[in-house]
Amino acid sequence: MDEFVVRGGRRLEGSLQVDGAKNAVLPILAACVLTRETVHLHQVPLITDGENMGQILRTLGCSVVRDGSTVTVRADDLHTYEMPDRLSKQIRSSIFLLGPILSRFRRATVTYPGGCEIGLRPIDLHLTGLRALGVDIREEGGMIHCDGAKMHSGEVHFDYPSVGATENVMMASACLPGVTRIHNAAREPEISDLQGFLNAMGGCVRGAGGHTIEVEGRPALHGVEYTPMPDRIVAGTMLCAAAITGGEIDLKRAPVSSLTAIDAKLREMGCRIREEKHRVMLSAPRRLTAFSKLQTSPYPGFPTDMQVQMLALLTCARGTGVIVENVFENRFTHAGEMSRMGASILLSGRTAVVRGVETLWGAPVTARDLRGGAALILLGLKAAGETRVARADLVDRGYDAIEDKLSALGADIRRISSGE
Ligand code: EPZ
């Protein structure tokens, strides 16, 4: 397993172009199954979650070919509705394939995706949504067997605005005769991006970004060229890298409108931020000031995927800040690793109280998920001495060559094989 070796104390400075969004690319790759024609996706980051999703599509009979940052998918030879067990377990987002495969075959079998470090990750809302469309679902021995022979459009009501469940129902209903309405839908920008992709394929989806999404089924969808939106979490993470080092960064191709909650917190910490159409420029003070409180919630609230990066900023800011994690039940798993570096964090259930310290010390630490791994790298950029972040493979799930991007901004970071 690779690890990152970071030497702290460098001020980051420079510009960076933001790659395509992991959490837009994954459902969009699944949605390629809805057409027999060729789809070209541009600016697709080289991340393992995306590569694994591509592998699952190949196992189902699709052709998936990468040429630089363009990925071409052709699903005309899709020959099975059964998802491969091993790969499905590797990434949770294989559950996104339920809807599209049901749309193609009126049948689907998928492994029950396990939980992960940040929580149990149930899929009850996905299944509730599909049942509302007339899908008969049987769960047996860790497998989910879906029979969509009697599938129909209809009204879907979510108790919670689940991102994945909203996307699954959008894709399951895209070719169902009639109008499907999704109430209490997730409003994340990636949902709007999926709507844009489905409509570019000839679909008829309206309302994404709001509480109710309307899908008017179309008999067939056609091939398309599409560029998924830029990654707001990678963008936010890079803003934090500049912020924690008292540096400056100029983000190009930034998803400006979906960064407002993150920008607001960084301004509260003393950063100066200027925005242009597709650009965000940040300059940070030598030492940040703690915000008083941050609560995560579904979009347009503060994104849970940026919570641990903000926790990292608090550890060395002036003052004390509080973070409340409302989306996942176990998303403070990196507090212990940060304490090894001198952070002062008090945890109580879904609340973390962080008293900023003047100095953090480099130490050997271990990532337990991709966002926590990125946050430990942020601490390493600030800490005195050397920090080794083990499990680089977890960071690679959602960050494309993070060490190259940070090095280009002046960081002293390299990737080594463990044991070197
Ligand atoms: C998506 O996960 C993202 N992943 C996550 O990003 C992100 O943290 C999350 O949305 C919230 O924004 C992808 O898009 C691939 P949810 P998803 O369904 O769809 C509960 C990252 O780091 N829930 O909105 O799984 C669930 O347990 C990842 O890039 C149910 O109870 O998120 C959680 O508490 C991490 N039943 C909450 O809802 C369900 O059927 C939010 O989950 C589904 C979800």
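Here, residue 1 is the first one in the sequence, and each next residue gets the next number. Counting starts at 1 for both ligands and their atoms, in listed order. Computed from a prediction, not measured in an experiment: that's the story for all the values here.
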Open item on the list: Under 4.0 Å from a heavy atom of Arg331: which atoms of ligand 1 are those, numbered in the order shown and with their elements?
Closed with: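 Ligand 1 atoms under the 4.0 Å threshold to Arg331: 8 (O), 22 (O), 35 (C).
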TODO: Considering the heavy atoms of Leu370, write down every atom of ligand 1 situated less than 4.0 Å from one of them.
DONE: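 Checking each atom against Leu370, I get 22 (O).
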Treating [X] as the side-chain partner and [Y] as the backbone partner, does any N or O pair qualify as donor plus acceptor under 3.5 Å?
| X | Y | result |
| --- | --- | --- |
| Thr35 | Leu221 | yes |
| Arg58 | Val64 | yes |
| Thr48 | Asp396 | yes |

TODO: Kindly identify the option in Glu190, Arg121, Glu329 whose heavy atom sits closest to atom 17 (P) of ligand 1.
DONE: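 Considering heavy atoms of Glu190, Arg121, Glu329, the nearest to atom 17 (P) of ligand 1 sits in Arg121.
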TODO: Return the option from Tyr160, Tyr299, Phe158 holding the heavy atom at the smallest distance from atom 37 (C) of ligand 1.
DONE: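 Answer by nearest heavy atom: Tyr160.
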Task: Contact partition for His126 relative to ligand 1, non-hydrogen atoms under 4.0 Å - done: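 For His126, backbone and side-chain atoms both sit under 4.0 Å from ligand 1.
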Open item on the list: Once you restrict to heavy atoms under 4.0 Å, what part of Lys22 touches ligand 1? Side chain, backbone, both or neither.
Closed with: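 Within the 4.0 Å criterion, Lys22 contacts ligand 1 through side-chain atoms alone.
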If you measure from the Lys or Arg side-chain nitrogens to the Asp or Glu carboxylate oxygens, is any gap between [X] and [Y] under 4.0 Å?
| X | Y | value |
| --- | --- | --- |
| Glu139 | Arg131 | yes |
| Arg279 | Asp250 | yes |
| Glu403 | Lys405 | no |
| Lys22 | Glu51 | no |

Heavy-atom nearest neighbour in the protein, as seen from [atom], with distance rounded to 0.1 Å:
| atom | result |
| --- | --- |
| atom 11 (C) of ligand 1 | Thr304 CG2, 4.0 Å |
| atom 34 (O) of ligand 1 | Val327 O, 2.6 Å |
| atom 19 (O) of ligand 1 | Gly164 N, 2.8 Å |
| atom 22 (O) of ligand 1 | Arg371 NE, 2.9 Å |
| atom 40 (O) of ligand 1 | Leu125 N, 2.7 Å |
| atom 26 (C) of ligand 1 | Phe328 CE2, 4.1 Å |
| atom 18 (O) of ligand 1 | Ser162 OG, 2.7 Å |
| atom 16 (P) of ligand 1 | Val163 N, 3.7 Å |

Taking N or O atoms only and a 3.5 Å limit, does [X] qualify as a polar contact for ligand 1?
| X | value |
| --- | --- |
| Asp124 | yes |
| Ala165 | no |
| Asn23 | yes |
| Phe96 | no |
| Asp305 | yes |

Task: Flag for Thr237-Tyr399: side-chain donor and acceptor within less than 3.5 Å - done: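 Thr237 and Tyr399 do have a side-chain donor-acceptor pair below 3.5 Å.
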Task: Listed once per pair and sorted, the salt bridge (charged side-chain N to carboxylate O under 4.0 Å, His left out) pairs that draw on residues 321-348, sequence neighbours left out - done: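 Qualifying pairs: Asp305-Arg331.
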Open item on the list: For residues 226-249, which residue pairs pass the salt bridge (charged side-chain N to carboxylate O under 4.0 Å, His left out) check, not counting sequence neighbours?
Closed with: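 For residues 226-249: Arg11-Glu248, Glu190-Arg232.
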Open item on the list: With a sphere of 6.0 Å drawn around CZ of Arg350, does it hold more than 12 non-hydrogen atoms of other residues, nucleotides or ligands?
Closed with: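 Counting neighbours around CZ of Arg350, more than 12 heavy atoms of other residues, nucleotides or ligands fall under 6.0 Å, so yes.
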Open item on the list: Rounded at 0.5 Å granularity, tell me how far OG in Ser339 sits from CD1 in Ile345.
Closed with: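 The distance works out to 4.5 Å.
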Open item on the list: For Phe96 and His126, take the angle between the two ring planes, folded into 0 to 90°, and tell me which bin it lands in: parallel under 30, tilted 30 to 60, perpendicular over 60.
Closed with: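 Taking His126 first and then Phe96, their aromatic rings sit tilted (interplane angle of 30° to 60°).
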Open item on the list: Check for me whether Met53 has a heavy atom closer than 4.0 Å to any atom of ligand 1.
Closed with: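 Heavy atoms of Met53 never come under 4.0 Å of ligand 1.
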- [ ] Give a yes/no verdict on whether any heavy atom in Pro122 is under 4.0 Å from an atom of ligand 1.
- [x]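 Pro122: in contact with ligand 1 (<4.0 Å).
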